[in-house]
Student: 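Got a structure here, written out as structure tokens. Questions coming.
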Amino acid sequence: MSRLLWIRRAGMAFALPLALIAGCGQAHQGDVMVAVAINFLDTAKVLEAEFEAETGLEVTLSSGSTGQLYSQIENGAPFDIFLAADTDRPRRLVDAGNGVEGTQFTYATGRLILWMPASQTTDFDGANELRDGSYRALALANPALAPYGAAAEETLISLGLGDVLSDRIVYGQNIGQAYALVASGNAEMGFVAASQLVKGAADGKGGVWSVPGDLHAPIRQDVVLMQRAAGNEAALQFIAFLRSDRALSIMRDYGYEEG
């Protein structure tokens, strides 16, 4: 089955992921088809441009939550590389024989942010704001699909607020939707990825609390090469590019930590 035909058929079963693929504006066939966790999409676009300029090869990005992309791959999606937002799903793909053993590694570690756009204080303390309770809705990504949502849920539990705030939580299917809920005002604050606040219109706007790392497990984001791309030289070059100094510099600019 061709890649484009698969995308058309997949749309019958995965309406939301297809919307996200279309949203990328890149539903054409490329030398490398990359499934990318949506928190990393803006960074991946910069990496894509740098890689294409350097090699002349073409990269096609398709984004969604890590859980959504994992399900697509399990159902035969023609991706060559999976840039996940966790370590577990790439490992499971290797264990199932869909990923190439020895190609999985952590390309970046993400940071979780609590963002409140309307806050005017320069000393925004997210833990106090969460406990204060003077808000209607708190956004986070679906913990079952999105590692950043799982980290947000762990944070609330660590603060003893998991049950206290349950009636105020509104879920996005991925971290992109959680961000949109806050940016649109449908939730007064929410947990987002640091990368979403670095280069966009929200950069420097409102109260921002970098969630302490001891409140949740590290958000290690792993990449893995798919078996279908084991002989794809372009895919191998792109994975190697992720380890380059230039790629690591771009990732740092977008708020990620190495490894």
Student: Tell me whether Glu74 at atom CD has more than 12 heavy atoms from other residues, nucleotides or ligands lying less than 6.0 Å away.
Tutor: yes
Student: To the nearest 0.5 Å, what is the distance between CG (Leu161) and CG (Leu156)?
Tutor: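 Reported value, rounded in 0.5 Å steps: 6.0 Å.
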Student: Supply the atom-to-atom distance Phe238 CZ to Asp31 CG, rounded to the nearest 0.5 angstrom.
Tutor: 12.0 Å
Student: Can you name the closest pair of heavy atoms from Gln177 and Asn174 and give their distance?
Tutor: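 Smallest heavy-atom distance, with atoms named: N-OD1, 2.9 Å.
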Student: Using modelled atom types and a 3.5 Å cut-off, is there a donor and acceptor pairing between side-chain atoms of Asn75 and backbone atoms of Ser71?
Tutor: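 Checked: pair present.
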Student: What are the two closest non-hydrogen atoms of Ala37 and Ala84, and how far apart are they?
Tutor: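 Closest approach of Ala37 to Ala84, heavy atoms only: CB-C, 4.0 Å.
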Student: Could you state whether Val223 and Tyr254 fall into the same hydrophobic cluster, counting links through intermediate Ile, Leu, Val, Met, Phe, Trp or Tyr residues with side-chain heavy atoms under 4.5 angstrom apart?
Tutor: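 As far as the 4.5 Å side-chain criterion goes, Tyr254 and Val223 are connected within one cluster.
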Student: State the CD-CH2 distance between Glu129 and Trp209, to the nearest 0.5 angstrom.
Tutor: 10.5 Å
Student: Is it true that the side chains of Glu153 and Tyr148 contain a donor and an acceptor less than 3.5 Å apart?
Tutor: no
Student: Is it the case that the side chain of Ser158 and the backbone of Leu215 share a donor-acceptor pair, with hydrogens and angles ignored and the cut-off at 3.5 Å?
Tutor: yes
Student: Less than 4.5 Å apart, side chain to side chain, heavy atoms only: is that true for Leu47 and Arg246?
Tutor: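 Side-chain contact under 4.5 Å: no.
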Student: My understanding is that only one of Leu225, Leu236, Val224 makes a side chain to side chain contact (heavy atoms under 4.5 Å, CB included) with Val100; could you say which?
Tutor: Leu225
Student: Considering residues at least two apart in sequence or located in another chain, which fulfil the salt bridge (Lys or Arg N to Asp or Glu O under 4.0 Å) criterion with Glu52?
Tutor: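 Listed in chain order: nothing, the list is empty.
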Student: Please answer whether the main-chain N or O of Gln173 pairs with a side-chain N or O of Asn142 as donor and acceptor at a distance below 3.5 Å.
Tutor: no
Student: Centre-to-centre under 6.0 Å for Tyr179 and Trp115, is that the case here?
Tutor: yes
Student: Does any pair with a residue in residues 181-193 pass side chain to side chain donor-acceptor pair (under 3.5 Å), and if so which ones, sequence neighbours excluded?
Tutor: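 Output for this query lists Ser184-Asn186.
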Student: What do the steps show when you test Asp80 against Arg228 for salt bridge (charged side-chain N to carboxylate O under 4.0 Å, His left out), and what is the final call?
Tutor: CA-CA 7 Å; Asp80 300 314; Arg228 57 170 289 109; 3.4 Å; yes
Student: For the residue pair Asp222 / Thr106, report whether a side-chain donor-acceptor contact shorter than 3.5 Å exists.
Tutor: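 There is such a pair between these side chains.
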Student: Give, for atom CG of Leu41 and atom CD of Glu48, the distance between the pair rounded to the nearest 0.5 Å.
Tutor: 9.0 Å
Student: Is there a donor-acceptor pair under 3.5 Å between the side chain of Tyr135 and the backbone N or O of Leu130?
Tutor: yes
Student: Go through the steps for Met189 and Leu138 under the test side-chain contact (heavy atoms from CB on, under 4.5 Å), then give the verdict.
Tutor: CA-CA 5 Å; Met189 63 179 173; Leu138 170 68; 3.9 Å; yes
Student: Testing the basics here: between Met251 and Ala108, what is the closest heavy-atom pair and its distance to 0.1 Å?
Tutor: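 The answer is SD-CB, 3.9 Å.
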Student: Quick check on Asp123: does its CG atom have over 12 non-hydrogen neighbours (other residues, nucleotides or ligands) under 6.0 Å away?
Tutor: no
Student: Spell out, as yes or no, whether a donor-acceptor pair under 3.5 Å connects the side chain of Arg168 to the backbone of Gly133.
Tutor: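 Answer holds: yes.
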Student: Can you tell me if Gln104 uses its side chain to pair, donor with acceptor, with the backbone of Thr87 under 3.5 Å?
Tutor: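 Yes, the answer is positive, given that a donor and an acceptor are paired below the 3.5 Å cut-off.
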Student: When you compare the side chain of Lys45 with that of Leu61, does any pair of heavy atoms fall below 4.5 Å?
Tutor: yes
Student: Is Ile113 linked to Ile157 within one hydrophobic cluster, defined over Ile, Leu, Val, Met, Phe, Trp and Tyr using a side-chain heavy-atom separation of less than 4.5 Å?
Tutor: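 Different hydrophobic clusters.
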Student: Heavy atoms only: give me the nearest Ala141-Ala146 pair and the separation to one decimal.
Tutor: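 Smallest interatomic distance, heavy atoms only, reads CB-CB, 3.6 Å.
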Student: Answer yes or no: is there a donor N or O on one side and an acceptor on the other, between the side chain of Ser166 and the main chain of Asp163, under 3.5 Å?
Tutor: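 A pair under 3.5 Å: yes.
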Student: Any chance CZ of Arg243 has more than 12 other-residue heavy atoms, nucleotides or ligands included, within less than 6.0 Å?
Tutor: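 Counting other residues, nucleotides and ligands, CZ of Arg243 stays at 12 neighbours or fewer.
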Student: Could you go through the side-chain contact (heavy atoms from CB on, under 4.5 Å) check for Gln237 and Leu57 one step at a time?
Tutor: CA-CA 9 Å; Gln237 285 191 41; Leu57 298 168; 3.9 Å; yes
Student: By ring-ring contact (aromatic ring centres under 6.0 Å, His included), which residues pair with Phe241, not counting sequence neighbours?
Tutor: Phe51
Student: Could you tell me whether a side-chain N or O of Glu257 sits under 3.5 Å from a main-chain N or O of Gly255, the two making a donor and an acceptor?
Tutor: no
Student: With a 4.5 Å cut-off on side-chain heavy atoms, are Val182 and Phe191 touching?
Tutor: no
Student: Val59 and Val34: which non-hydrogen atoms are nearest, and at how many Å?
Tutor: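 Distance-wise, the nearest heavy atoms are CG1-CG2, 3.9 Å.
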Student: How long is the span from the CG atom in Leu242 to the CD1 atom in Ile250, to the nearest 0.5 Å?
Tutor: 10.0 Å
Student: Any side-chain heavy-atom pair from Leu197 and Val208 closer than 4.5 angstrom?
Tutor: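 They are in contact (side-chain heavy atoms under 4.5 Å apart), so the answer is yes.
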Student: What residues form a ring-ring contact (aromatic ring centres under 6.0 Å, His included) with Phe40, not counting sequence neighbours?
Tutor: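 For Phe40 the ring-ring contact (aromatic ring centres under 6.0 Å, His included) partners, ignoring immediate neighbours, are Tyr107, Tyr256.
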Student: Please go through Val170's hydrophobic cluster and name the other residues, only I, L, V, M, F, W, Y counting, with side-chain heavy atoms under 4.5 Å joining them.
Tutor: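 Grouped by the 4.5 Å side-chain rule, Leu181 form the rest of the cluster around Val170.
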Student: Do other residues, nucleotides or ligands put more than 12 heavy atoms under 6.0 Å from Asp132 CG?
Tutor: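 More than 12 heavy atoms, drawn from other residues, nucleotides or ligands, come within 6.0 Å of this atom.
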Student: Is a side-chain N or O of Glu154 found less than 3.5 angstrom from the main chain of Ala217, in a donor-acceptor match?
Tutor: yes
Student: So which atom in Arg111 and which in Ser210 form the shortest heavy-atom distance, rounded to 0.1 Å?
Tutor: NH1-OG, 3.3 Å
Student: Under the rule for salt bridge (Lys or Arg N to Asp or Glu O under 4.0 Å), what residues qualify as partners of Asp88, not counting sequence neighbours?
Tutor: Arg91, Arg92
Student: Rounded to the nearest 0.5 Å, what separates atom CG in Leu83 from atom OG1 in Thr43?
Tutor: 10.5 Å
Student: Please examine the side chains of Ile81 and Met226, heavy atoms only from C-beta on, and report whether any two atoms are closer than 4.5 Å.
Tutor: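 No, side chains not in contact.
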Student: When you group the ILVMFWY residues by side-chain heavy-atom contacts below 4.5 Å and let the links chain together, are Leu145 and Leu69 in the same group?
Tutor: no
Student: Gln68 side chain to Ser65 main-chain N or O, any donor-acceptor pair under 3.5 Å?
Tutor: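 The answer is yes, because a donor-acceptor pair under 3.5 Å joins these two groups.
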Student: As a quick check of understanding, evaluate side-chain contact (heavy atoms from CB on, under 4.5 Å) for Arg131 and Leu159, giving each step before the final call.
Tutor: CA-CA 9 Å; Arg131 292 191 178 101; Leu159 293 173; 3.6 Å; yes
